[in-house]
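Remarks on the structure that follows.
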Amino acid sequence: MSTTPDVPDALLPDVPDALLPDGPGPDGPGPDATTRAAREVERVVTQHGTFRAHPVSFVRRSGRLTDGQAKALERSGARVLLDVPRDVARTSVDPAWRLDVAEVFGRSAPLVVEVGSGMGENAVAAAAADPERDVLALEVYLPGLAQAVLGAEREGLTNLRLAQVNAPELFATALAPSSVDEVWVFFPDPWHKTRHHKRRLVQPSFCDEIARVLRPGGVWRLATDWEPYADHVREVLRGRTDLVPLVAGSDGVVERFDGRVLTTFEAKGLRAGRTVTDLAYVRV
């Protein structure tokens with residue numbers, strides 16, 4: 001009888017790098033990749049008592065870098081991409097680590113943090129449009145981060161930094177209280193199936209961390225092209241006294257945020273006939 005545990009799928013997307021398959025074999029991906037991952041989860045649980053306390057809101061995807069992306073990382077990755085101390089998995093954050101924002105950017109300035117920056121289109125545009133603000137973009141997908149590095153090079157940006165992290169872990173421990181002016185969460189994965197709703201990024205615990213790091217008067221901006229997810233956000237935030245709708249009586253819904261550029265992802269959704277909902281909440 002196999003001793004491999006029945007591991008919840010939420011634990012498998014972001015296993016330590018040593019357990020990821022090196023690549024497809026002649027018949028496709030290695031058949032034992034999931035078993036190897038499950039055994040590593042069992043080892044980590046035995047050693048540490050846990051793997052991750054909460055399901056992650058993403059599935060770790062592999063992807064090849066283009067030559068341009070790879071060269072951009074070689075040229076500028078050390079300057080733009082933060083070296084984040086890890087806990088267990090590649091996108092985890094050592095809970096003892098504290099991010100010194102002033103040291104990272106070399107100054108004290110208003111800070112915008114974008115969660116799930118994708119290919120970096122919004123982060124690059126925001127940093128270029130307002131050099132007096134600093135922008136920290138969080139993403140787990142390496143080609144997206146590399147594309148953002150290319151954008152930073154193209155625009156000559158000094159006020160953009162990137163981090164490959166599971167965002168809730170960074171918010172929970174690494175960012176100082178009341179240190180962020182705006183948080184952006186644009187088009188998070190809606191996790192359509194009911195059994196996957198636990199993976200949705202916007203949960204009461206994440207709202208607690210947003211409220212912790214936002215300064216009083218700071219704004220949390222969201223956008224989604226999945227109406228049930230907009231309903232979910234409003235439901236999670238309804239009744240909170242620390243994060244209230246930016247527009248009184250709006251239940252969180254606002255006009256399109258001018259600072260949000262039309263990304264490739266959003267344009268694809270609009271062509272498919274989806275409607276985008278913008279929401280915004282202010283830290284009281």
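Values below: all heavy atoms of this structure, side chains included; hydrogens, waters and symmetry mates excluded.
Taking both residues in full, the closest heavy atoms of F105 and V135 are given as CZ-O, 3.5 Å, listed atom of the first, atom of the second, then distance. What you find for R260 and N122 is that their closest heavy atoms are CA-OD1, 3.3 Å. The two residues A176 and S179 have their closest heavy-atom pair at O-OG, 2.6 Å. Scanning all heavy atoms of the two residues, the minimum distance from N159 to P131 falls at ND2-CA, 3.6 Å. The shortest heavy-atom contact between L279 and A230 is CD2-O, 4.3 Å. Among all heavy-atom pairs drawn from A127 and L160, the shortest one is CB-CB, 4.1 Å.
Cluster annotation: L162 is connected to L65 through the hydrophobic network of ILVMFWY side chains, with a link wherever side-chain heavy atoms come within less than 4.5 Å. Using a 4.5 Å cut-off between side-chain heavy atoms of Ile, Leu, Val, Met, Phe, Trp and Tyr, with links allowed through other members, V113 and L246 fall into different hydrophobic clusters. When hydrophobic clusters are built by joining Ile, Leu, Val, Met, Phe, Trp and Tyr residues whose side-chain heavy atoms come closer than 4.5 Å, directly or via intermediates, V236 is grouped together with V115. Each of L145 and M119 belongs to its own hydrophobic cluster when Ile, Leu, Val, Met, Phe, Trp and Tyr are linked at side-chain heavy-atom distances under 4.5 angstrom. Under the 4.5 Å side-chain heavy-atom criterion for Ile, Leu, Val, Met, Phe, Trp and Tyr, L170 and L82 are members of the same hydrophobic cluster.
Taking 4.5 Å as the limit, some side-chain heavy atom of V124 sits within range of a side-chain heavy atom of R154. A heavy-atom distance below 4.5 Å is found between the side chains of T263 and V261. Side-chain contact between W97 and V84 is present, with heavy atoms from C-beta onward closer than 4.5 Å. With contacts defined as side-chain heavy-atom distances shorter than 4.5 Å, the pair P168/S205 does not qualify. Residues V93 and F171 have side chains not in contact (no heavy-atom distance under 4.5 Å, counting atoms from C-beta outward). Contact check for D278 versus V253: no side-chain heavy atoms found under the 4.5 Å cut-off. Inter-residue side-chain proximity for V202 and C207 is flagged as met; some heavy-atom pair is nearer than 4.5 Å. The shortest side-chain heavy-atom distance between V276 and L270 falls under the 4.5 Å cut-off.
For the side chain to side chain donor-acceptor pair (under 3.5 Å) test, residues two or more places apart in sequence or in another chain that qualify with R238 are E235, D251. A search for side-chain contact (heavy atoms from CB on, under 4.5 Å) contacts involving E182 returns V112, R133, W184, V219, R221, F257, not counting sequence neighbours. Under the salt bridge (charged side-chain N to carboxylate O under 4.0 Å, His left out) criterion, E227 pairs with R234, sequence neighbours left out.
One N or O on the side chain of S250 and one on the backbone of V247 form a donor-acceptor pair closer than 3.5 Å. At distances below 3.5 Å, at least one donor-acceptor pair connects side-chain atoms of Q203 with backbone N or O atoms of H197. The main-chain N or O of L157 is never found under 3.5 Å from a side-chain atom of E155 such that the two would form a donor-acceptor pair. Side-chain atoms of E114 never come within 3.5 Å of backbone atoms of A137 as a donor-acceptor pair (strictly under, hydrogens ignored). Distance alone, capped at 3.5 Å, is enough to place a donor-acceptor pair between the E139 side chain and the G118 backbone. Although no hydrogens or angles enter the test, the distance criterion places a donor-acceptor pair under 3.5 Å between the side chain of R283 and the main chain of A211. Proximity of a side-chain donor or acceptor of D87 to a complementary backbone N or O of S92 within less than 3.5 Å is not detected. For R161 (side chain) and T158 (main-chain N/O), a donor-acceptor pair under 3.5 Å exists by modelled atom type. In this structure a side-chain-to-backbone donor-acceptor pair under 3.5 Å is present from Q164 to V140.
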### Stepwise side-chain contact (heavy atoms from CB on, under 4.5 Å) test for D208 and I210
CA-CA 5 Å; D208 292 342; I210 295 290; over 6 Å; no
### Task
Show the numbers, then the answer: is there a side-chain contact (heavy atoms from CB on, under 4.5 Å) between L201 and F206?
CA-CA 7 Å; L201 177 66; F206 186 58; 3.8 Å; yes
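Separation of atoms CZ (F187) and CG (D225) is listed at 5.5 Å; rounding is to 0.5 Å. Here the OG1-CG distance, from T66 to L150, works out to 6.5 Å after rounding to the nearest 0.5 Å. The CG atom of L99 sits 6.5 Å away from atom CG of L136, with the distance rounded to the nearest 0.5 Å. Note: R98 CZ to L175 CG = 10.0 Å, rounded to the nearest 0.5 Å. Taking NE2 of H196 as the reference point, atom CH2 of W191 lies at 6.0 Å (rounded to 0.5 Å). We find the CG-CG distance between L243 and L214 to be 6.5 Å, quoted to the nearest 0.5 Å.
The pair R256-E266 meets the salt-bridge criterion, since a charged nitrogen lies less than 4.0 angstrom from a carboxylate oxygen. Taking a cutoff of 4.0 Å between a charged side-chain nitrogen and a carboxylate oxygen, R212 and D242 do not qualify as a salt bridge. Residues R200 and D189 are not paired through a salt bridge, judged by the lack of any N-O separation under 4.0 Å between the basic side chain and the carboxylate.
The aromatic rings of W220 and Y281 sit tilted, their planes meeting at an angle between 30° and 60°.
Judged purely by distance below 3.5 Å, without hydrogens or angles, the side chains of Q147 and Q69 pair a donor atom with an acceptor atom. Judged purely by distance below 3.5 Å, without hydrogens or angles, the side chains of S76 and E153 pair a donor atom with an acceptor atom.
Heavy-atom neighbours of D258 CG from other residues, nucleotides or ligands within 6.0 Å: at or below the threshold of 12.
None of D181, L111, V180 except one satisfies the side-chain contact (heavy atoms from CB on, under 4.5 Å) rule with R215; the exception is D181.
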